[in-house]
Visitor: 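What follows is a single structure, and I will ask about it in a moment.
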Amino acid sequence: MTVTQPNGCQIFGIKFAPLRIPLERRLQTASVAFFLTFLLLAMFHTIPILTYMLIFTKFWYIPMLYAAWIFYDRNTPYQGGRKWGAVRNLSIWAYYRDYFPIGLVKTAELPANKNYIFCVYPHGIISAASFLNFQSNVNNFDQLYPGIDPHFVVLNANFRVPIAKDIYLACGGIAASEQSIINCLQRKPGASCVLMPGGASESFLAFPGKCNIILRNRRGFIRLAIKTGASVVPAFSFGENEIYDQITGKWLLWLQQKLKIVLGVAPCLIKGRGFFQYSFGLLPHRRPIVTVGKVSLCTCLILFWLFVDFRSFLRLRTSNHQFLRHPKLRR
């Protein structure tokens, strides 16, 4: 299933959007632009703006106060985070959801007296569905799984970026470290972590029509589950790899992997769409995504069996595409 674009004109091979587009669609596009600007690309503008304010304006005290706040709050991502329900329920997430659209399908009950590790595949380019379904409540996660308190595990580098750091924390983000995850899971019954075991390296494998994931040598989540007594919940986001095209090549991939080691992030060369045309740009394509999970697995089972069952679940789900035709995606 794909989301049809409104009819527009095509000039020199570039398909432009029509001039008359409903306000609802404009707001959806703006919400995705907000997500990209203030979370994924925040380091490219927040740091320069704060530096300019510090050196060249009379408002130098604003970046100074914010720097003091960052220093004071530096350990929060490693101590269970700081979730703010008002941010998770903002109306902007509804527009973000409807842009693709994104759905969440419940397949089993999760008792609130246990702790869980949600392992979501694939990572994709921007993890659009995983972020929305677990870091916001727009798809009624809190109602579908009452008593479960999800915390999205975020790359540590994101907590060093002004503004983005506070948004991630308000939505329930925590740092990607073993001790951070353990601290989160041991806080209370129902406290849960959302991991993407494939990590940023899986971004290089995100191509439309394909689903290559990284699972070999990624068994740390099972070790954490056994150490904390948490149950593992495998989940799969159908359509996550469909929202961007990606430019790649043998030597380019080698360079990207080297840059990832240095920068800590995956520098993918993506091709999406723009605000007023559909042929190229940084915005993702409007293609449906739905996240599906499986009943939790008991951590008292032998590690090998657990790992094999996890892989069998992924094989089953990736060969079963009827979830992309789920009624929740027909908006």
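These numbers come from a predicted model, not from an experiment.
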Visitor: Go through Lys165 and Asp73 one step at a time and tell me if the salt bridge (Lys or Arg N to Asp or Glu O under 4.0 Å) criterion holds.
Guide: CA-CA 10 Å; Lys165 161 188 176 293; Asp73 198 46; 2.7 Å; yes
Visitor: Kindly assign one of parallel, tilted or perpendicular to the pair Phe118 and Phe141, based on the angle between their ring planes and the thresholds 30° and 60°.
Guide: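 If you compare the ring of Phe118 with that of Phe141, the planes turn out perpendicular.
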Visitor: If you look at every heavy atom in Ala191 and Cys184, which pair is closest and at what distance?
Guide: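 Smallest interatomic distance, heavy atoms only, reads CB-O, 3.3 Å.
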Visitor: Atom CG of residue position Leu282 - does it have more than 12 heavy atoms of other residues, nucleotides or ligands inside 6.0 Å?
Guide: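 It does not: Leu282 CG has 12 such atoms or fewer within range.
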Visitor: If we only count heavy atoms from C-beta on, is the Pro150 to Arg88 side-chain gap below 4.5 Å?
Guide: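 Sidechains of Arg88 and Pro150: in contact.
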Visitor: Do the two ring centres, one from Trp93 and one from Phe35, sit under 6.0 Å apart?
Guide: no
Visitor: With His285 as reference, evaluate Arg273, Glu242, Lys271 under the side-chain contact (heavy atoms from CB on, under 4.5 Å) test and give the passing residue.
Guide: Arg273
Visitor: Taking ring-ring contact (aromatic ring centres under 6.0 Å, His included) as the cut-off, I'd like each qualifying pair that reaches into residues 240-262, sequence neighbours left out, listed once.
Guide: none
Visitor: Using side-chain contact (heavy atoms from CB on, under 4.5 Å) as the criterion, point out the one residue from Ile270, Ile125, Ile289 that pairs with Ile243.
Guide: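 Passing option: Ile289.
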Visitor: Given the rule that I, L, V, M, F, W and Y join up when any side-chain heavy atoms are under 4.5 Å apart, are Phe44 and Ile167 in one cluster?
Guide: yes
Visitor: side-chain contact (heavy atoms from CB on, under 4.5 Å) between Tyr168 and Val161: does it pass, once the steps are laid out?
Guide: CA-CA 10 Å; Tyr168 278 121; Val161 180; over 6 Å; no
Visitor: Can you confirm whether Gln135 sits close enough to Val87 that some side-chain heavy atom of one is under 4.5 Å from a side-chain heavy atom of the other?
Guide: no
Visitor: So Asn137 and Gln143, side-chain contact (heavy atoms from CB on, under 4.5 Å) or not? Walk me through it.
Guide: CA-CA 9 Å; Asn137 191 39; Gln143 289 72 39; 3.5 Å; yes
